[in-house]
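Each chain gets a letter, A, B and so on, in the order the sequences are listed, and its residues count up from 1.
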Amino acid sequence: MLFTTVEQLINLAGSRKVNISDIMIEQEMASSEIDKETIYENMLEQLRIMEQAVDRGLSERLTSRSGLVRGDAKLLSEYSDTGRPLSGSLMTNAMAMSMATAEVNACMGAVVATPTAGSCGVVPACILSAGNHFNSNRTELVDALFAAGAIGLVIANNASISGAAGGCQAEIGSASGMAAAAVVQLAGGTPKQCADAVAIALKSILGLVCDPVAGLVEIPCIKRNATGTSLAIVSADMALAGIESAIPCDEVIDAMHRVGRSMPATLRETSMGGLATTETARKIEKSI
Amino acid sequence: MSKYTSVFDIVGPAMIGPSSSHTAGAAKIGLMARNIFNDQPEHIEVIFYGSFAKTYKGHGTDLAIIGGLLGYSAHDQRIVNSATDAEYLGINIELITSNEEADHPNTVKIIMRNNNRSFEVVGISPGGGRAEIIEINGFQVKAAADSNFSLIFHFDKYGVIAAVANLLASRGINIGHMEVARKSKGAEALMVIQTDQQVGGEITGEIESLDHITDVVVFNK
């Protein structure tokens, strides 16, 4: 591996004066023995599936097998267009795209698990909305996915991307960190700023438990995709403003790993604690 | 040791939702089972254990497995209609939930039958859309989806294993991992061979024509 830590990743990118996505592509070429064009085309295909999921979630009225999905993405999108969103239309649009993807996922539609199915809305929503804001071209959007993937690889190998192992911080948290780095790269920020954005996002979501109602990837997962999206964007803004994380990114990832390990099993995707054992959750469980 | 090596493990897999372990992994188990059966089954029993037994409906685990059994991949949109498709094809499917303890929480047993053959396969979905077959007709195996491996059914006779290994070596195929299991001395046996390179159709045919080999099923990533 060219890098196993975020520090190695940003140092390598910094010394070669390239983006973190370039290092990720180089690493992928070395480990898979596949040529650059094919790797690029494969990632472009992931982007296409992401875009289709967003479109579908915003245009179709979807229902999940449990009946719990109610088209909240559409509500948010309409509010974004006609209301006066306090967090700005970029933010509400991004959140709507994120929920749209998460709803498509809940309704057995096609998505790209990034890094997981439960957290599949965050990265596409951030990349597409930031890309729209900065008028990024297709290549830049695909590069942003590689940047997100580089951060995700480090988190997956040094902490976790599984709710069953590390709680929701490992799923929505990882997705937010990955998306924050991607947004910074799209904005033209430095590799170091990418790392700071990741650290800021992860620090803000440290300890979040995985407590899905009735064991389904619906409540609270879909809404957490929206809030995880907002976290990624504000973390990127802070890093782009020049704010540094006092705790280095790799140490934050290590903290996330330790927090996950000390989390009781009841709060790691078993639906035996947290929101999953509330009175209302029990009622929902019985009704489906 | 790195658990994840590819960016597409992180930005991916492309899949039908809602759960990588309960839907995508399940679809892959179904597809592997179908390839092992190597024919259209007429009757299928699907037995869910652990978390699969508790939440299969909400996660569409049943549709994913049936989809896989019909040959659909984990990102094939037809998974949603797989139960209807199976009915249309005249495949009789029985879904059963078991209270029995399984070693892994996401375990499923699939029993496939038609006039010619009967196969019993046990699979697990350890997470992230990964899938493994851990038992085939009573043989304990370890065969992961998205890797190159060959299942070689044979009779437990001296020289069979060496013949297969020699054949692979002569074609420049390196064995990464290999397991051999048998029912009893001289009886039915199974080799599970994981290879670094893909095993092509021509080589598969050559393996099949070796002495004492009854069936060869090859998975290429």
Ranked by heavy-atom pairs below 4.5 Å to chain A, first place among B:Gly127, B:Pro13, B:Ala24 goes to B:Pro13
Distance-minimising heavy-atom pair for [X] and [Y]:
| X | Y | answer |
| --- | --- | --- |
| B:Met15 | A:Ala113 | SD-CB, 4.0 Å |
| A:Ile23 | A:Leu2 | O-CD1, 3.9 Å |
| A:Glu140 | A:Leu186 | O-CD2, 3.6 Å |

Chain B heavy atoms under 4.5 Å from [X]: which part of the residue, side chain, backbone, both or neither?
| X | answer |
| --- | --- |
| A:Met108 | both |
| A:Met43 | both |
| A:Ala53 | neither |
| A:Leu216 | both |
| A:Leu68 | neither |
| A:Asn158 | neither |

Under the salt bridge (charged side-chain N to carboxylate O under 4.0 Å, His left out) test, which residues partner A:Asp55, sequence neighbours left out? none
Picking from [options], which has the most non-hydrogen pairs under 4.5 angstrom with chain B?
| options | answer |
| --- | --- |
| A:Gln27, A:Glu218, A:Glu28 | A:Glu28 |
| A:Ile151, A:Leu153, A:Val112 | A:Leu153 |
| A:Thr270, A:Asn105, A:Thr114, A:Ile25 | A:Asn105 |
| A:Ala156, A:Gly118, A:Gly215, A:Ala165 | A:Ala156 |
| A:Ile161, A:Ile288, A:Thr116 | A:Ile161 |
| A:Cys120, A:Cys107, A:Ser31, A:Gly152 | A:Gly152 |

Considering only heavy atoms, which portion of B:Thr23 lies under 4.5 Å from any heavy atom of chain A: side chain, backbone, both, or neither? side chain
Are more than 12 heavy atoms, taken from residues, nucleotides or ligands other than A:Glu7, located less than 6.0 Å from that residue's CD atom? no
If the contact rule is any heavy atom under 4.5 Å from chain A, which residues of residues 79-111 of chain B qualify, in numerical order? B:Ile79, B:Val80
Could you go through the side-chain hydrogen bond (donor to acceptor under 3.5 Å, both in side chains) check for A:Asp35 and A:Thr38 one step at a time? CA-CA 6 Å; A:Asp35 64 279; A:Thr38 309; 2.7 Å; yes
For B:His22 and B:Ser51, what are the C-alpha separation, side-chain angles and deciding distance, and is it a side-chain hydrogen bond (donor to acceptor under 3.5 Å, both in side chains)? CA-CA 9 Å; B:His22 287 62; B:Ser51 174; 2.8 Å; yes
Are the charged groups of B:Glu202 and B:Arg171 less than 4.0 angstrom apart, N to O? no
Sequence-distant partners of A:Glu103, side-chain hydrogen bond (donor to acceptor under 3.5 Å, both in side chains), two or more places apart: none
Quiz question: by atom type and distance under 3.5 Å, do the side chains of [X] and [Y] form a donor-acceptor pair?
| X | Y | answer |
| --- | --- | --- |
| A:Thr4 | A:Gln8 | yes |
| A:Asp143 | A:Asn19 | no |
| A:Glu171 | A:Ser162 | no |

What pairs with B:Phe48 under ring pair (Phe, Tyr, Trp, His ring centres under 6.0 Å), at least two apart in sequence or on another chain? B:Tyr56
